[in-house]
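Chain A is the first sequence line, chain B the second, and so forth, proteins listed ahead of strands; every chain is numbered from 1. These values consider heavy atoms only, across backbone and side chains, with no hydrogens, waters or symmetry-generated copies.
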Number of protein chains: 2
Amino acid sequence: MMSDDAPVPRKPARPRKARIAEKMPSRTEKVHEALRQAIIEQRLAPGARLPEDTIGESFGTSRTIAREALLRLSVEGLVDLLPNRGAFVANPSLDEGRDVFVVRRGLERMVVKQLAGQLSASQIEELGRMLEQEELAGASNESEAIRLAGEFHLRLAEMTGNRLLIRYLTETVSRCSLVLTIYGRPHSVDCGIDEHRQIIEALIAGDENRAADLMETHLSKVAGRALLECRKTESLQDVLTAFARRID
Amino acid sequence: MMSDDAPVPRKPARPRKARIAEKMPSRTEKVHEALRQAIIEQRLAPGARLPEDTIGESFGTSRTIAREALLRLSVEGLVDLLPNRGAFVANPSLDEGRDVFVVRRGLERMVVKQLAGQLSASQIEELGRMLEQEELAGASNESEAIRLAGEFHLRLAEMTGNRLLIRYLTETVSRCSLVLTIYGRPHSVDCGIDEHRQIIEALIAGDENRAADLMETHLSKVAGRALLECRKTESLQDVLTAFARRID
DNA sequence: ATCTTGCAAATTGCATACAAGCGAGAGATC
DNA sequence: GATCTCTCGCTTGTATGCAATTTGCAAGAT
């Protein structure tokens with residue numbers, strides 16, 4: 001329950017207009033975001049069971065809230081919802097992982113195409129700052145570097161102002177993170193900083209085709225590094241599902 | 001409330017084994033799909049209120065189901081969910097509409113890029129058949145023509161086999177339909193059949209760049225026809241919301 | 001000893017009950 | 001007479017209870 005505030009029989013002075021504020025990260029949103037973070041930060045392993053009761057108790061709410069959060073996550077593709085069986089952290093196959101990267105490449109292509117030559121001075125400055133942070137964290141802090149790299153791409157998308165594009169890219173980046181936790185190597189992301197810099201330069205120069213190509217190359221490298229080299233983690237899960245399907 | 005419970009339609013006799021299949025369009029799915037159809041077919045006007053009770057009673061279920069369906073629809077962007085206020089059929093602004101079309105163009109570009117030169121004989125045949133149907137319906141049946149045109153794009157996406165791409169394009173096409181019901185003219189879609197044919201030809205020829213360009217042109221035309229020419233329908237809605245916002 | 005078969009525990013699906021928030025109209029005050 | 005306030009009703013937010021389904025385990029049969 002919320003805190004019982006001090007006994008205030010009369011509200012002192014209320015602004016006449018009720019705040020239409022979009023401020024309502026109701027419990028559902030909180031749980032949703034918490035689970036999302038937990039998943040993409042690999043605190044919850046792919047394939048892990050996510051019982052409604054447990055989640056509800058963990059966050060001090062009822063199953064209703066947990067259920068809603070899980071539904072949202074399933075729409076985002078971060079959890080699989082099996083009828084009458086429950087929710088599980090998504091465990092995409094290698095092929096599905098590749099598909100996600102394909103879509104992400106296309107989305108990021110849209111982003112840079114729209115942004116090329118359109119960046120304001122403050123935006124350019126902000127991107128420069130992010131780049132510095134990336135370099136700073138790159139060597140020392142592994143997970144921080146990953147987070148910053150992801151944020152760079154997201155920030156870029158936000159600069160387009162296209163809400164739908166932002167949403168799709170957010171989702172896709174999350175799913176890419178998940179895919180990388182399964183099939184990627186620990187240090188498969190940190191080498192892209194210089195590529196980020198080049199992309200920014202192309203964007204500033206207004207060369208949309210070069211920016212688009214750089215972005216595609218960049219992402220292909222990330223995907224390639226992750227998805228082609230390391231297959232032992234994959235084979236286990238993949239072979240199993242393959243056989244399960246064949247039996248049926 | 002539900003007054004008389006009709007005699008429970010017992011399922012006659014379920015086949016022995018529950019199909020592992022994804023076959024479980026539980027009530028939620030059904031309501032979700034029904035509402036989706038109702039919205040994109042303009043049976044529910046943009047901005048219309050969607051009370052949980054009413055939906056539940058209409059479908060013979062409780063609010064729980066209606067609520068879930070509405071949540072899904074809000075994720076898809078077909079309904080707006082206002083905290084403590086309820087659900088409304090989405091009423092996107094002109095700018096938002098344009099953004100949706102931008103994303104759709106990019107997604108369809110991905111589709112044709114992937115499909116160029118990769119179509120099987122049966123797929124080519126199927127596309128040809130769809131084209132015929134479109135021509136048949138084009139002149140006589142207006143709404144059917146619109147439906148078929150949308151289905152053509154969707155079918156194309158399905159042929160990529162990329163689940164995520166399919167989902168995003170499905171969503172985006174739905175939202176485009178919604179945008180067109182607000183800002184489009186009744187006959188703003190029917191003239192694209194020949195463009196469809198050209199796209200297929202480019203796909204068969206394996207000329208991915210030409211296919212991509214054709215698709216972009218095609219969609220730009222659709223968007224342009226709808227969003228640029230006809231603004232009287234728009235001005236009404238838009239001015240109202242603008243003023244409503246200003247008053248607040 | 002292994003495979004089948006049925007029962008029990010756990011978990012989801014769904015509905016309903018209760019609490020809280022917003023909006024509208026009646027009443028009071030200036 | 002107009003405006004402000006307070007209360008009432010309707011709708012949403014959340015919790016919980018019950019039925020249905022699945023899974024694991026154990027006991028029996030071959």
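- Residue pairs meeting the salt bridge (charged side-chain N to carboxylate O under 4.0 Å, His left out) criterion with at least one partner in residues 154-166 of chain A, sequence neighbours excluded, are A:E126-A:R155, A:R155-A:E158.
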Do B:R175 and A:L164 pass the side chain to side chain contact (heavy atoms under 4.5 Å, CB included) test, and can you show the C-alpha distance, the side-chain angles, and the key distance before you say yes or no?
CA-CA 10 Å; B:R175 293 181 70 163; A:L164 183 58; 3.4 Å; yes
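- Within residues 62-79 of chain B, the residues approached by DNA chain D to less than 4.0 Å at the level of any non-hydrogen atom are B:R63, B:R67, in residue-number order.
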Mind running side chain to side chain contact (heavy atoms under 4.5 Å, CB included) on A:V111 and A:L115 for me, showing each step along the way?
CA-CA 6 Å; A:V111 170; A:L115 250 39; 3.9 Å; yes
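- The side chain to side chain donor-acceptor pair (under 3.5 Å) search around A:R147 returns A:E144, A:E151, not counting sequence neighbours.
- Listed in residue order, the members of residues 49-61 of chain A having a heavy atom less than 4.0 Å from DNA chain D are A:T61.
- Qualifying side chain to side chain donor-acceptor pair (under 3.5 Å) partners for A:R167, counting only residues two or more places apart in sequence or in other chains: A:E171, B:E171.
- In this structure, the side chain of A:S177 engages the main chain of A:V173 through a donor-acceptor pair within 3.5 Å.
- Rounded to an integer number of Å, the gap from A:L81 CG to D:dT22 P is 15 Å.
- B:R72 meets the salt bridge (Lys or Arg N to Asp or Glu O under 4.0 Å) test with B:E29; sequence neighbours excluded.
- No salt bridge links B:R27 with B:E68; every basic N to acidic carboxylate O contact stays at or beyond 4.0 Å.
- An OP1 or OP2 oxygen of C:dC14 is reached within less than 4.0 angstrom by a side-chain nitrogen or oxygen of B:R27.
- The nearest whole Å value for the distance from the CD atom in B:E29 to the P atom in C:dC14 is 10 Å.
- Atom C1' of nucleotide D:dT22 and atom CZ of A:F88 are separated by 11 Å, given to the nearest angstrom.
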